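Everything quoted here is computed from the prediction, not taken from an experiment.
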Amino acid sequence: MATKKPPLKGRGLSSILGDIDIDAMQGKATVTAAISSIPIAEIEANPYQPRKEFDEDSLRELSQSIKQQGVIAPVTVRQMPNGKYQLIAGERRLRASKLAGLTELPAYVRVATDTQMMEMALVENIQRENLNAMEVAFSYNALIEECKLTHEQLSERLGKSRSTITNYLRLLGLPAETQLALSQDKISMAHARVLAGVEDIERHNEILHAILERGLSVHDTEMMAKALAKPKPTAKRGSKPPLPPMYAEACGGLKKYLQSEVEVKRNNRGRGTLTIHFNTDSDFERLMKLLKK
């Protein structure tokens, strides 16, 4: 007696599309993918392509390889009502083939709905081209909205944990400047996760700029976020008067120069203390170098 195969977890293109039953869509027989040689001029771009930027050097290298070896892995397309073809997966190969001067391209011709196209484009890019974190986040969100999926359903489709899905989707709530830094690999996904927990925009931006300007590690970023999250002491009855403008201005300038929290306390007779905060040993060494200047 044949054993029942376990369901696929969404780890490859075949698990998304498989052999499509056209009978359920058009009243015809079941059709599987077939490889054909298609004119490049008849292939339209995939409107659901999650990757927005392609590395030019990488494309040129692939183009040179295609000139010498040809296209080893066919692209995947679907035929449109107008007779042309729409790309499902393989945009890097298509672009590189154009650079190589090819006029035809080997392709799997499949039947796919818009939803299946979107899913396959996402899986293809995640597996083969390493989308940046923001591209992954936007793609996950598009799948959830277009396919009406829950986080749990999406994690099953893509073979990712639910916490991974949630962490990526949290990135969509980051300020635009932070999203840009993440998409340009100026900060890491781990940095972004720390920043996502800092809701106060001034503190958020202060930490972001510290990462960009000083190259804070993730650990140092966490320490800085914790330090800035401590509530400021409230003024008590009979408290000392505010600092004179000269002191307040000097304190602000020192804070900007050192990129650290600075506190000044002064009594009515002009005596006081100057306190400079640091988060780690390396941060202390950095401050000492600046002070020695």
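One hydrophobic cluster holds both Phe284 and Leu254 under the rule that ILVMFWY side chains link at heavy-atom gaps under 4.5 Å. One hydrophobic cluster, built from ILVMFWY side chains closer than 4.5 Å, cannot hold both Ile201 and Leu195; they sit in different ones. Residues Val218 and Leu228 are members of separate hydrophobic clusters, defined by side-chain heavy-atom contacts under 4.5 angstrom among Ile, Leu, Val, Met, Phe, Trp and Tyr.
Judged by distance alone, the side chains of Glu263 and His277 do bring a donor and an acceptor atom under 3.5 Å apart. There is no side-chain donor-acceptor pair under 3.5 Å between His191 and Glu222. Judged by distance alone, the side chains of Ser188 and Arg193 never bring a donor and an acceptor atom under 3.5 Å apart. Using a 3.5 Å distance cut-off with no hydrogens or angles, the side chains of Ser161 and Thr164 do pair a donor with an acceptor.
Distance alone, capped at 3.5 Å, places no donor-acceptor pair between the Glu152 side chain and the Arg162 backbone. Checking side-chain atoms of Glu135 against main-chain N and O of Asn132 turns up a donor-acceptor pair under 3.5 Å. Looking at Asn141, its side chain never comes within 3.5 Å of a backbone N or O of Ala137 through a donor-acceptor pair. Remark: the backbone N or O of Thr150 is paired with a side-chain donor or acceptor of Gln153 at under 3.5 angstrom. At distances below 3.5 Å, at least one donor-acceptor pair connects side-chain atoms of Gln179 with backbone N or O atoms of Leu171.
Within 6.0 Å of CD on Glu249 lie no more than 12 heavy atoms contributed by other residues, nucleotides or ligands. A 6.0 Å sphere centred on OH of Tyr257 holds more than 12 heavy atoms belonging to other residues, nucleotides or ligands. Counting non-hydrogen atoms of other residues, nucleotides and ligands closer than 6.0 Å to CG of Asn82 gives a total above 12.
By the 4.5 Å heavy-atom criterion applied to side chains, Met223 and Lys226 are counted as neighbours. A 4.5 Å side-chain heavy-atom check between Thr275 and Val262 finds every atom pair outside the cut-off. Between Ile40 and Ser97, the closest side-chain pair of non-hydrogen atoms falls below 4.5 Å. Inter-residue side-chain proximity for Val198 and Leu208 is flagged as unmet; no heavy-atom pair is nearer than 4.5 Å. The closest side-chain heavy-atom distance from Arg110 to Arg78 is not below 4.5 Å. Residues Lys186 and Leu212 have side chains in contact (heavy-atom distance under 4.5 Å, counting atoms from C-beta outward). In this structure, the side chains of Pro39 and Thr103 stay at 4.5 Å or more apart for every pair of heavy atoms. Put simply, the side chain of Ile38 does not reach to within 4.5 Å of the side chain of Leu105, judged on heavy atoms.
Atom CE of Met288 sits about 10.5 Å away from atom CG of Leu290, to the nearest 0.5 Å. Remark: Glu91 CD to Leu59 CG distance equals 9.5 Å, nearest 0.5 Å. We find the NE2-CG distance between His151 and Leu169 to be 4.5 Å, quoted to the nearest 0.5 Å. Here the straight-line distance linking atom NZ of Lys265 with atom CG of Leu274 works out to 11.5 Å at 0.5 Å rounding. To the nearest 0.5 Å, atoms CD1 (Ile165) and OH (Tyr140) are separated by 4.5 Å. Ser36 OG to Tyr85 OH: the interatomic distance, rounded to the nearest 0.5 Å, is 6.5 Å.
The two residues Lys160 and Ser155 have their closest heavy-atom pair at O-CB, 2.8 Å. Here the shortest heavy-atom pairing between Leu258 and Arg286 reads O-NH1, 2.9 Å. Scanning both residues, Ala133 and Tyr168, for their nearest heavy atoms gives O-CD2, 3.6 Å. Heavy atoms only, all atoms of each residue included: Glu261 and Glu206 are closest at OE2-OE2, 3.6 Å. Here the closest heavy-atom approach between residue Lys67 and residue Leu99 is recorded as CE-O, 4.3 Å. Nearest approach of Arg170 to Gly197, heavy atoms of both residues: NH2-N, 3.9 Å.
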- Task: Go through the steps to decide whether Thr221 and Val194 satisfy the test side chain to side chain contact (heavy atoms under 4.5 Å, CB included), and finish with yes or no.
- Result: CA-CA 7 Å; Thr221 302; Val194 177; 3.8 Å; yes
- Task: Determine, stepwise, if the pair Arg95 / Ser63 fulfils side chain to side chain contact (heavy atoms under 4.5 Å, CB included).
- Result: CA-CA 8 Å; Arg95 293 188 180 211; Ser63 174; over 6 Å; no
- Take Val109 and Val77, measure what side chain to side chain contact (heavy atoms under 4.5 Å, CB included) needs, and give me the verdict at the end. CA-CA 5 Å; Val109 182; Val77 300; 4.1 Å; yes
- Message: Go through it in stages, so that I can follow the logic: the residues are His204 and Glu199, the test is side chain to side chain contact (heavy atoms under 4.5 Å, CB included), and I'd like the CA-CA distance, side-chain angles, deciding distance and then a yes or no.
- Response: CA-CA 7 Å; His204 183 107; Glu199 297 181 358; over 6 Å; no
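The pair Glu42-Lys84 does not count as a salt bridge, with every side-chain nitrogen at least 4.0 angstrom from each carboxylate oxygen.
Screening residues 209-221 for salt bridge (Lys or Arg N to Asp or Glu O under 4.0 Å), with sequence neighbours left out, gives Arg214-Asp283.
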